[in-house]
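As structure tokens, the structure follows; a few thoughts come after it.
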Amino acid sequence: MPDTRQEVIKARCFLKERLQRDYTSLRGYEAERSNVRQLLQRTAEMGESNSLLLIGPRGAGKTTLINAVLTDLLENKSFVDNTLIVHLDGNLHTDDRIALKSITVQMRLENAADGKVFGSFAENLAFLLQCLKAGDKKSKSVVFVLEEFDLFCTHHNQTLLYNLFDVSQSAQAPICVLGVTCRLDVIELLEKRVKSRFSHRQVFLFPSAHKFDEYSALFEQLICIPSSKQLQLDADRIDSLELLKSETFTFQRNHFDGIEYTFDKRFLDNWNKQVSKLTKSPAVQKTLQALYDFDVSEAFLKMFIFRLVAQLKPNAPYITAEQVTSLASQYECDHKVDLLCGLSVLELCLIIAIKHHSTIYDRDPFNFEIIFGRFSKFAKVSTTMQGVERPIVLKAFEHLRVVELIMPLSNSGLGKVQKDFEMHKLALTYGQIQQAVLRYQALPTEVAQWAQSSLI
Amino acid sequence: MVNNENEICAGQQVIWIGSHEPNTFVKSLQHKNVYFYKKCVYGPLTLAIGDYILVANADATEPDTVDGCDIAKILHLYELREMTNKESCRAIVQWYSRPQAIPHKNFDVDDLTIDFGLEIIEEHRPYDNDVALGSIFRKCLVVEGSSKSSAEQLIKRSKTIPNCPMFVTRYKFVKVKQSYRLIPLEIQLDDAKEGRQKRSCRDGDSTSARKSISRRRVSIAAGNAPSEFVDVNYFNSENKVSPIKIVGGCSVVRLSERKKRDDQPEINANYLVASPLTEKNPKVATPKSRASAARRNLNLSLDKGADTTADSDCLNYSIVQQTPDPKTPSNDMKIKLRLSERRKSARLASIDDERDPLELVLAANTVTSPSKQSRKRLGVSNGDIYHTPTKKSKEPLESVGTELTTSTRRKSILKSATTRLADGTPRRSIQLSNIVEQRIFDNNEIISTPKRNRSKLADQVADADYTPKKSSQKTPSRPRRMSSTGTKVAATDAPLTPSQKLKKIRSGELSPSMEQRHQSLDVGHKSQLQLAREQLHVSVVPKSLPCREKEFDNIYSFLEGKIQDQCGGCIYVSGVPGTGKTATVTGVIRSLQRLVGEDKLPAFDFLEINGMRLTEPRQAYVQIYKQLTGKTVSWEHAHSLLEKRFTTPALRRVTTVLLVDELDILCNRRQDVVYNLLDWPTKSAARLVVVTIANTMDLPERLLMGKVTSRLGLTRLTFQPYTHKQLQEIVTARLAGSEAFKGEAVQLVARKVAAVSGDARRALDICRRATEIADTAGEQGSVKCVNMLHVQQALAEMIASAKVQAIKNCSRLEQIFLQAVAAEVTRTGVEETTFLGVYTQVETIAAFMGVSLPAPGRALHICSKLGAERLIICEHSRNDLFQKILLNVSSDDIHYALRVEGN
């Protein structure tokens, strides 16, 4: 059925795009959302200066919350007209000099032209401060969004933060400073003067860890394909984003727009029925529980689903429970064990020798000579390992080091010590070695026995 | 009339003309041995009583331009016959101020229209009116007019002299009934005088005797000015023309007078050729200098010149009989040519009339190109009537010039003066040029206004279109420093290139601004909570600062005393953040400025720098200089300019109050910035009061070097953190008249904050947050009021740590990992654990709780995630299994969070 083929490919495309580029739909956090929204609204409409920190673990939806709030507010004409939005990222604006230039450009101050800022750092700072000072309730409100706020705290003297907070606490141009960070102790990073000027408004975003039902519902929701009516509503919601004329905000430019997709009604029903059935299956529930135990954030789940959706093919048009479980087991498997299983027998023998050494000497560091001695003892009695020469063993040892199963004790001693004698440590737990020995295919029995006991 | 008895002691450049007048009486000089004169020749300038002069203002951005000078009228010329280190040749002047220097409120009271470009205002505020002749920059022209006609009309009516700065004065700034006002000149100031006398009596009564005496003296001296000025004019009317007469009068009479008058100094000058002063000069003896040769040539030509040509006609008065050099007249044609050129240009320039035409030449040169280069030319142009100095011949002369004077700024004019001096007959040369110009004027039948001149006039008219208010809005920070060019620039809307813009920003002409709102804020009906929230914002400046009265008085009396005594000083203010240091100091400044507005205190400048607003300590100089002049220069330049300003004395300088906030940031390793900032107040000329603010009480001892600490002095003031009672008072003072807060709610906030930091900002922020919570929580219809619950919620949000909450909301494995870390810490008894140890704990706990054991790789993932949240502190993940892990929350928190969850 060429028709279904098309539909499946379309569905895959749709789901992938929605998972990746839906920057503004925030689920939950109603109280926090209204809090931030009211704050921004007051800044825009009443000219009140504020500062706020948005704190939450990675993947909790901090940036999405801001995007969602902005999307809400942008529907309001007066907000668009009266507000400038300045977006800074601690990873991009690594010092105040760069940050200032970016602010100047985004605020469209007079000393910027065509995205370039002229004048020295000191001049830029003085000019920006004068501009803000010259502003009053009549001038536009400025919303500063500082992503990775904790990185701004490392700037010299915290000059930028001091000045932003100072402006927000004095009768100058109305500004709102929104800091976004995942560090819970970010306030302690602020210098005492800066701290005093910060208003201590903190909004915490914590994804809930006790609502597995919601989690599985979310799983279903993320795979479901909504009806065209719902798509239309979503499209309307993000219409206002076009008004956001910011150079630095990029999310609105390639935001996901579901309106481009239309699905066959029958396919849609089928698909959604299938998905709800899938979600209810105990295997999937169990897998989801395992995922939920590991990471509660929505971002993590989205990544998982993305891989699921990517497996959709015309001849495998539905997601099956087996796919879900196998993917989850991929997540749970130990990569180091996989790596061990791919080693040669000689290398595994070395690992076993290292393990014996470590158990005896309580993870003391070792060098090649020690390990070679232990290996030689085994090689004497072993049929497979007999006649392996020292250079070959050394090569195998070096390979272990390259794949970082063993790590040199210090980086500095590299050139000074002869490599036979350089001390290393083992970056594996004994359990991992055990697993590898069990899983290793066609491992000589004597090696497996040796792995069990150091006695030869 | 010829008098030369005292020219030796009169400094190198000053020649007094006329005998001294024993009858003149000036109160401030009563007890000094002074000789008064009516006229003198000072370098290239001929100064007489009643002349208008430009006096260089050392504090101005460019003291060597017209804009950088103050305008004054000479009331007396005198010579101090005492051994002092002051310059002995001095003048008593009547100051005129540019309108920028008059407080703006004075323009608002009446329907005055002041032309900011043209007008000046007769100044009766008590400025020091004793000026050394050395600081006189040049002469200028002032038209006195009545307030009925506008400044442009007056200027139009009077014939303009190109390239001579012209001003109109229509108002005076006089104290009437205890406050200064702008009064039209034509109104006689009997009442004003009365007022002044009354005031001086009152001053005598007042307790601050020292201040009153000094001030009264000055004010009387200034007050005498108008009447005396009339007298002077009257006495001099025979050979002098008052500026007004120049403007309106007919020229013929004046010319005849002029001729008569010119005879005298000429003889005088001739006489001087033989004076010991000039003979002493070794340069006279070196005839090899081309300059002197040229001069001789000129003299010869003059000598020879018959009445046939116009040129020779104009040189009819030559000094000739005296000229001793019988050199061959080889160059004579050339010189004649130059002279005629000069004449032509003079004609073009349509010189109307001046008593000292030479100065017109000077003016022409300075105005057309007021750069340093042209100032060099100025010297040449003085000289080129009779010689063309090459560099070689000039250099030794210059060295003479520097010998003669201590002031380097005035070098240019002195240079020209000494060039002539070196020639042997400086006075005569002045006379010579006088004559030249004079004759030119005589022959100048066609008076044509050159185009350039007209356009300039048009510019001025265009300038006048902007009302002073408008221009004051355009200025960035300090309106009185603004030059008229600023308005012109602001008016042009042409798009600028970046470099042009940068230039404008640097020169302070482009005022920084924010984009304006499209619609203004809605100021509709506000609920009580909203009003309370507005009042509670930290930015709202309260009328008075509660609980800081003592500190306020302390700083107030310190600053007031320093400003009244006109001396410098330092004060160090310390206190933890949020205790109102900066607010108190700015409050003091505001009330002092109010006093200044009421004329109860001498005016002062207020500058403010903040260490945290600078990119590096040395930018402090740039900021200070920018606030003084509105111009941005490099820090090296700013430093040297400030150094100059604060170390050289200047007339009319007012006290500067400098607030240095966050002093500790200004400390670099060398501490040169702090040193300078604290060193300048010790200079007597600086009149600088520095208020330094920092957080730590013992900063001077801990951080600053000994030499800096000693300059900081012992005037210290510490702001204690607010107690809970004070915080309560502060909040209730802001909420005055509002029912939005319950009393116990405020008290809770105050006590909570006082227990932690005593930071007023914190208390206000918490209260503000509480109003928001109350706003959203309260049901519709009920009277919203902040109660304990709301405050508690706000406190929980703002003070309480979220770590417990964070732990509760971790995923199950993350919680297990945290438990494992805690268990490992208790097992080893060491705070620092390694991942390996923790992982074994995780194994046990996971087995115990029946959760599938995560692989080490996933455990590391959890570890890094918790590390990013800073629930634990872990090393770089490069160390893999061996990374060290530190618990960042107390293990009690972990147990608590997980136990509660279990229940």
Side-chain angles (χ1 to χ4, degrees), chain A residues 46-49 57-58 78 81-82 84 108 110-111 113 118-119 121-123 125-127 129-131 134-135 137-140 157 159 162-163 169-171 173 182-185 192-193 196-197 199-202 204 206-209 290 293-296 332 334-336 407 425 427 429 432, chain B residues 476 498-499 501-502 505 510-522 537-539 541 577-578 612-615 619 622-623 632 662 665 695 759 761-762 765 769 797-798 802-803 805-806 808-813 839 851-852 854-858 865 868-871 880-882 888:
Chain A
M46 296 160 82
E48 197 179 292
S49 290
R58 294 218 182 274
S78 73
D81 287 343
N82 297 329
L84 291 169
R108 297 192 282 274
E110 305 216 33
N111 58 347
F118 40 88
F121 177 32
E123 279 170 338
L125 179 64
F127 194 80
L129 291 178
Q130 273 183 348
C131 283
K137 298 269 175 193
K138 282 197 205 76
S139 47
K140 279 193 179 184
N157 280 347
T159 310
Y162 177 91
N163 286 309
Q169 297 245 318
S170 51
C182 65
R183 279 187 72 161
L184 291 168
D185 61 344
K192 59 182 185 296
R193 289 169 276 223
S196 166
R197 280 164 176 80
S199 73
H200 283 83
R201 282 163 198 272
Q202 303 173 62
F204 292 98
F206 292 117
S208 170
D293 279 349
F294 179 67
D295 198 329
V296 292
E332 299 210 342
D334 195 332
H335 306 291
K336 274 190 179 166
M407 295 194 298
K425 56 192 178 185
T429 59
Q432 283 172 319
Chain B
S499 57
K501 261 190 191 172
L502 186 60
I505 289 168
L510 193 73
S511 60
S513 63
M514 295 271 297
E515 280 187 44
Q516 294 294 306
R517 281 174 178 272
H518 287 268
Q519 61 252 60
S520 56
L521 300 164
D522 51 337
H537 201 281
V538 184
S539 68
V541 180
M612 287 292 262
R613 296 204 181 116
L614 307 171
T615 51
Q619 289 294 326
V622 181
Q623 285 299 316
T632 308
E662 316 291 3
I665 301 290
N695 289 134
D759 187 336
R761 286 194 193 109
R762 197 76 178 274
D765 279 332
R769 179 66 191 137
E797 270 181 31
M798 300 174 95
K803 278 175 178 168
Q805 208 193 336
K808 276 187 194 172
N809 284 303
C810 281
S811 74
R812 199 138 162 224
L813 284 176
Y839 187 70
V851 181
S852 66
R858 304 192 87 197
K865 213 173 162 229
E869 273 183 81
R870 283 299 191 279
L871 285 172
D880 207 48
L881 297 183
F882 300 95
N888 201 25

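Below, read A as the first sequence line, B as the second, and so on, with proteins coming before strands; counting in each chain starts at 1.
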Per-residue contact mode, [X] against chain A (heavy atom under 4.5 angstrom):
{"X": "B:Q516", "answer": "both"}
{"X": "B:P854", "answer": "neither"}
{"X": "B:L881", "answer": "side chain"}
{"X": "B:R762", "answer": "side chain"}

Side chains of [X] and [Y]: closer than 4.5 Å at any heavy-atom pair?
{"X": "B:L871", "Y": "A:L184", "value": "yes"}
{"X": "A:L125", "Y": "B:Q619", "value": "no"}
{"X": "B:P856", "Y": "A:K336", "value": "no"}

Less than 4.5 Å to any heavy atom of chain B: does that hold for the side chain of [X], its backbone, both, or neither?
{"X": "A:L129", "result": "side chain"}
{"X": "A:E123", "result": "side chain"}
{"X": "A:F204", "result": "side chain"}
{"X": "A:N163", "result": "side chain"}

Please determine whether a side-chain nitrogen of the Lys or Arg among A:R201 and B:E797 lies less than 4.0 Å from a carboxylate oxygen of the Asp or Glu.
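B:E797 and A:R201: not salt-bridged.
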Nearest non-hydrogen partners of [X] and [Y], listed with the distance:
{"X": "B:C810", "Y": "A:A209", "result": "O-CB, 3.1 Å"}
{"X": "A:A126", "Y": "B:Q623", "result": "CB-NE2, 3.3 Å"}
{"X": "A:F206", "Y": "B:A802", "result": "CZ-O, 4.1 Å"}

Say whether, by atom type as modelled, one donor and one acceptor occur between the side chain of B:S811 and the main chain of A:F294 under 3.5 angstrom.
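Such a contact is found between B:S811 side chain and A:F294 backbone.
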Treating A:S170 as the side-chain partner and B:S539 as the backbone partner, does any N or O pair qualify as donor plus acceptor under 3.5 Å?
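Pair absent, no side-chain N/O of A:S170 close to backbone of B:S539.
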Most contacts with chain B, counted as non-hydrogen pairs under 4.5 angstrom, among [options]:
{"options": "A:S78, A:P57, A:G119", "answer": "A:P57"}
{"options": "A:D334, A:T429, A:D81, A:T159", "answer": "A:D81"}
{"options": "A:C182, A:S208, A:G135", "answer": "A:C182"}
{"options": "A:H335, A:Q202, A:E48", "answer": "A:E48"}

Relative to chain A, which of [options] shows the most heavy atom pairs under 4.5 Å?
{"options": "B:R761, B:R812, B:K803", "answer": "B:R761"}
{"options": "B:H537, B:E869, B:K865, B:Q805", "answer": "B:E869"}
{"options": "B:T632, B:I665, B:V851, B:V622", "answer": "B:I665"}

State which residues pass salt bridge (charged side-chain N to carboxylate O under 4.0 Å, His left out) with B:E662; sequence neighbours excluded, sorted by chain then number.
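Scan of B:E662 (salt bridge (charged side-chain N to carboxylate O under 4.0 Å, His left out), adjacent residues dropped) gives A:R193, A:R197.
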Yes or no on side-chain contact (heavy atoms from CB on, under 4.5 Å) for B:D765 and A:Q169, after CA distance, side-chain angles and deciding distance?
CA-CA 10 Å; B:D765 279 332; A:Q169 297 245 318; 3.4 Å; yes
Looking at residues at least two apart in the chain, or sitting in another chain, which of them share a side chain to side chain donor-acceptor pair (under 3.5 Å) with A:R183?
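Testing A:R183 for side chain to side chain donor-acceptor pair (under 3.5 Å), a comparison that skips the adjacent residues, returns A:D185.
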